[in-house]
Student: 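Can you read through this structure? Questions will come right after.
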Amino acid sequence: MSQRIRRVLNVAEKPSVAKAVSEILSSPRKPSMREGRSRYNKIYEFEYTICGKLCHMSFTSVTGHLMEMDFEERYRKWGSCDPVSLYELPIRKFVPDDKLDIKRTLEEEARRCDWLILWLDCDREGENIAYEVIDVCTAVNNRLQISRAKFSALIVSEIIDAVQNLIQPNKNKADAVDARQEIDLRIGASFTRFQTILLKDSFVIDVYGNDGRNMVLSYGPCQFPTLGFIVERYWEIQAHEPEEFWMINCSHASEDGTSNFNWVRGHLFDYTSAVIVYEMCVQEPTATVVNVKEQRKFKHPPHPLNTIELEKRASRYYRMSSEHTMKVAEDLYQAGFISYPRTETDSFSEKTDLRGIVQQQQQHPVWGTYAQQLLDPGTELWRNPSNGGHDDKAHPPIHPTKFSAGESNWTQDHSRVYELVVRHFLACVSQPAVGAETVVEIDIAGELFSTTGRMIIARNYLDVYRFENWGGSVIPQYVFGQQFMPTSLTLDSGITRPPPLLSEADLLNCMDKAGIGTDATMHDHIKKLLDRCYATKDANMRFSPTTLGEALVMGYDDMGYQLWKPYLRAQMELDMKDVSEGKKSKTAVLKDCLEQMESCFRDARLKKEELLKAMGIFFERSNRAGGVDQHIGGEVVRRCPVCNESDMVLRQKQDGNFMVGCLGYPQCRNAVWLPGSILEAAVTTQTCSSCTPAPVFMIQFKFRRMDIPPNFDANHLGCIGGCDNILRQLRDICGTGSRSSVSSAPTRGNGPTAASNNTQRANTTTRQGPVTCTHCRQTGHSSNECQTRMPRPQASQSRTRNPQSGETLVTCDKCGAPCPLREANTENNRGRKFYSCQSRECNFFKWADSIDTRAGTEAMGSSRSASSNTSSAARRGGRGRGRASVRGGSGSRSGGRTSRARAAPTGNTCVSATGEPISVGMECVFCGELHPASTCPSRARR
DNA sequence: GCAAGGTC
């Protein structure tokens, strides 16, 4: 009796894998290929025997995720609900329209098969996509047997291993991705809607030709920390206070060449100390060689190439953006010239045929000879590649897969990226460069100086990796005990410089270290910041925040939240890891994380003034409709007890009066009209302990003193659920305020209002209730003391340090703190610079152009010394005086480079061993007279 | 109109 052939549906994550695996398994034959519903996702067919059973294999693919996650249609419109409800509203996973053809293919194939084998990438996302495929297939055929193939590279042995050792899909890993998707969506959507609605119409946001009207001020758990890196570096630069330092340099010229010796101390910030040491050296300038150390040094080739390194190196070597690099790499991959370009892996599997890859490159006109040398055992150039320590278990490092000496349809960038991939690969399998390094140490009057010479013995990989260099420097030979007279001995000054703006490679580094994004998405996050006008990239490929980007980060920072820091993402990643390892359940992680973020969102909304203030620093207020008090929805107070379908929200009407109305209006007309004497009202995170159905959020009211009787408090934390006697009394006394609404109130309510209907309980409206944290909603501590809240960033203090603005330093006349220099962006003063105190309590403000430079400098000098109890400030004072007497120093210093304290030989001239005069002098660095500085009378006076 | 993650 013949065995029934099993029909197996195989699904890969991408078309190329379906093709490659089919070709491997059907070898030496070719699989037959037919079209599916989707033009990209072909179906390959062949016979194959799995564990002794003959199978008819149909092999097709998806293109990444088959499904999307989003809110139900009715909540996708921004005005449809309060953004805070986005933490609870139902979410659905569905196949979007552009993937429906793939879904149909899967359904049709699944109906005909009895076994489904999933060939998705072996990472978390792959596992999640596997379940998306399972959902679609089992919906039409619930008898399907389901298996998972685990493979880490498209290599014959790996693939055969995988198909003969099938495993089960991993639900934990898939759950982790579901949780991540839901958290990202809820946080992203809520904060994006909140800040866009709050700010877009309240300010004239005219950044880079965008008038702001169509702007989306997005927030995302990856894009915002990426912006945070850029802003933080920018603030660091602004806050940098240059400090002058001093160092002694020595040179020695002989017939064999010149050596420049560096002071082993490096440099000193204390000028007087440096001068004293310098004078000692000048008085006894004979140098004695105290150490000659010779050693062999190696410069190692890079690890195998992964995505982030490709992006970083293309940015450094070719000034290509990461986003463009990935586009070009994708083209090369699609055309078969390089391997899959989205990989974390930087080590080759032992099974990879590395020599075969080199072999392909032997015919290249430029690096072909090098490839030939590599394969020639006589050259001993070959070395097995190093292991970078990363393996995503899904893809090999990026390497060439097909030879090309350039294609007619390639742009220059295609050629460049291909060249980088090939040269990098050839470098990886090459010996390191070898050099002989000599370090010579000399002693002058007890001070040590050293110099290093390097001779390159074998360039090895450097011959092919033209992007790297290893400078050789020749120095004359020295022997231990040798003595000589320096050719020059100078006291030089330098100045500390701020770090540079972040380059693309720096930014990718920061993201990589903090776990922001994946290798496949990092460049997208960077591009998003540019698209959203949060950051710009200058001609040197370095990033600065725009005023919009800075204002947003500043706003959240001032709220005390680290939403712009990478910690939130890092914590989420840890949680996801726990879910994927089965240590935590998806439900528990979702609950914890979303509760915390909802609480954070509510608190941020209460502190929206901070965001408005930060924006107000850079942008002019707009008189467009919408904005702060008319934002859609309002803040949710409770679920409507009448219709039980919609939320009731706090609203301020155009006439300034407040009410709490049902979002289901006009179908549900339930409303609570509030006293007309209310000046301000804001929903808090505290809930009423008596009103039902819970929760009913309490509202913090501020009444107009003049409008309420003297025995009532102007500040009142009240409840609109009906339990609040004070609110009821004030409403009786003051009316509902809105002259027009008084008569309309009864008609709008569909029944008795909640306030008049509910059972009232005396004394439940506490004026001095227990302290409640607005962050975690627990009682007994304030939000500032909350343990669950992430610590306030120390880095924000850097912004409170002195900014560097030429020689100008302005301190607050109230608190004495240094004030950062900012640039106004209002219509009347756009581009005008000003100083303002970081502390808003001080209210200190000064236009930069209103400060008289001369008088200002004097005043600043005094304020600087007034607040300068630190040693650093003392150093500043000392240097300031010293600087005035150093000739030739201050002029060149403004260029920011190391300047010579001594320009020319004077007075006492030493003679070198060769009889030439050497430029050491006894000109006093304080007063310029010819005597040692240590005996200077002017110094003594000071 | 919102996120981040796959992928073409």
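Note that these values count all heavy atoms, side chains included, but never hydrogens, waters or copies made by symmetry. Naming convention: chains lettered A, B, ... in sequence-line order (proteins, then strands); numbering from 1 in each chain.
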Student: Could you tell me how far apart A:Leu198 (CG) and B:dG1 (P) are, to the nearest whole angstrom?
Tutor: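 In whole Å, B:dG1 P and A:Leu198 CG are 21 Å from each other.
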Student: CG of A:Asp524 versus P of B:dC8: gap in Å, rounded?
Tutor: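 Rounding to the nearest Å, CG of A:Asp524 and P of B:dC8 are 14 Å apart.
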Student: Of the nucleotides B:dC8, B:dC2, B:dT7, which one has an atom closest to the side chain of A:Tyr340?
Tutor: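 Output: B:dT7.
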Student: Please report the distance, rounded to the nearest Å, between CD in A:Gln223 and P in B:dG5.
Tutor: 11 Å
Student: Looking at B:dT7, B:dA3, B:dG5, which one has an atom nearest to any side-chain atom of A:Pro15?
Tutor: B:dT7
Student: Would you classify A:Ser38 as touching base, sugar-phosphate or nothing, given that sugar-phosphate means primed atoms plus P, OP1 and OP2, and contacts are heavy atoms under 4.0 Å?
Tutor: nothing
Student: Is A:Lys171 close enough and on-axis enough to A:Tyr131, meaning under 6.0 Å and within 45°, for cation-pi?
Tutor: yes
Student: Taking the side chain of A:Cys222 as its heavy atoms from C-beta onward, which of B:dA4, B:dC2, B:dC8 lies nearest to it?
Tutor: B:dA4
Student: Quickly work out the A:Asn128 CG to B:dT7 P distance and round it to whole Å.
Tutor: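 Going from CG in A:Asn128 over to P in B:dT7 covers 13 Å.
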Student: Please find out if less than 6.0 Å separates the ring center of A:Phe543 from that of A:Phe229.
Tutor: no
Student: Starting from P on B:dC2, measure out to CG on A:Asp531 and report it in whole angstrom.
Tutor: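 About 11 Å, once rounded to whole Å.
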Student: Does A:Leu217 reach a base, just sugar-phosphate, or nothing at all? Heavy atoms under 4.0 Å.
Tutor: nothing
Student: In terms of side-chain heavy atoms of A:Asp184, which of B:dG5, B:dA4, B:dC2 is nearest?
Tutor: B:dA4
Student: With respect to the phosphate group of B:dG5, does any side-chain polar atom (N or O) of A:His525 fall under 4.0 Å of OP1 or OP2?
Tutor: yes
Student: Taking 4.0 Å as the cut-off, does a side-chain nitrogen or oxygen of A:Arg532 come that near to OP1 or OP2 on B:dG1?
Tutor: no
Student: Can you find a side chain N or O atom of A:Lys200 that sits less than 4.0 Å from OP1 or OP2 on B:dG1?
Tutor: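 It does not, given that no N or O in the side chain of A:Lys200 lies less than 4.0 Å from OP1 or OP2 of B:dG1.
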Student: Does the separation of the ring centres of A:Trp78 and A:Phe194 fall below 6.0 angstrom?
Tutor: no
Student: For A:Asp575, run the salt bridge (Lys or Arg N to Asp or Glu O under 4.0 Å) check against A:Lys584, A:Lys583, A:Arg180 and tell me which one passes.
Tutor: A:Lys584
Student: Please determine, for the side chain of A:Trp78, which listed nucleotide (B:dA3, B:dG1, B:dC8) has the closest atom?
Tutor: B:dG1
Student: Answer with base, sugar-phosphate or nothing: what part of the nucleic acid does A:Gly517 contact at a heavy-atom distance below 4.0 Å?
Tutor: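 Contact class for A:Gly517: sugar-phosphate only.
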Student: Using the six-membered ring for Trp and the full ring for Phe, Tyr or His, decide whether A:Tyr219 stacks on the six-membered base ring of B:dA3 (centres under 5.5 Å, planes under 30°).
Tutor: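 Whether judged by distance or by angle, A:Tyr219 falls short somewhere, so it does not stack on the base of B:dA3.
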Student: Would you please say whether a donor-acceptor pair under 3.5 Å links the side chains of A:Glu330 and A:Tyr340?
Tutor: no
Student: Would you indicate which nucleotide in B:dG5, B:dC2, B:dT7 comes nearest to any side-chain atom of A:Ser218?
Tutor: B:dC2
Student: Give one of base, sugar-phosphate or nothing for A:Glu125, where a contact means two heavy atoms less than 4.0 Å apart.
Tutor: sugar-phosphate
Student: Between A:Arg76 and B:dA3, is there a contact of a side-chain N or O with OP1 or OP2 at under 4.0 Å?
Tutor: no
Student: B:dC8, B:dC2, B:dG6: which one has an atom nearest the side-chain heavy atoms of A:Lys99?
Tutor: B:dG6
Student: Specify the residue among A:His65 and A:Tyr333 whose closest nucleotide of DNA chain B lies further upstream toward the 5′ end.
Tutor: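 That would be A:His65.
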Student: Verify the distance criterion only: is there a donor paired with an acceptor across the side chains of A:Asn509 and A:Lys312 at less than 3.5 Å?
Tutor: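 Their side chains do contain a donor-acceptor pair, which is all the 3.5 Å distance test asks for.
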Student: For A:Thr63 and for A:Asp70, find the nucleotide of DNA chain B with the closest heavy atom, then tell me which residue's nucleotide is more 5'.
Tutor: A:Asp70
Student: Give the rounded distance in Å between these two atoms: NZ of A:Lys93 and C1' of B:dA4.
Tutor: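 A:Lys93 atom NZ is separated from B:dA4 atom C1' by 13 Å.
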Student: Check the distance between B:dT7's P and A:Asp101's CG and give it to me in whole angstrom.
Tutor: 18 Å
Student: From C-beta outward on A:Asp121, which listed nucleotide comes closest to its side chain: B:dC8, B:dG1, B:dT7?
Tutor: B:dT7
Student: What is the separation between atom CD1 on A:Ile516 and atom P on B:dA3, rounded to the nearest whole Å?
Tutor: 15 Å
Student: Would one find a side-chain N or O of A:Arg124 under 4.0 angstrom from OP1 or OP2 of B:dA4?
Tutor: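 Checking B:dA4 against A:Arg124, no side-chain N or O comes under 4.0 Å of OP1 or OP2.
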Student: Please confirm whether A:Arg532 makes a cation-pi placement over A:Tyr534, using NZ or CZ under 6.0 Å from the six-membered ring centre and within 45° of the ring normal.
Tutor: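 No, a cation-pi geometry is absent between A:Arg532 and A:Tyr534.
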Student: What nucleic acid atoms does A:Arg180 come within less than 4.0 Å of, heavy atoms only: base, sugar-phosphate, or nothing?
Tutor: base
Student: Check every atom of B:dC2, B:dT7, B:dG5 against the side chain of A:Thr518 and return the nucleotide holding the closest atom.
Tutor: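 Looking only at side-chain atoms, A:Thr518 lies closest to B:dG5.
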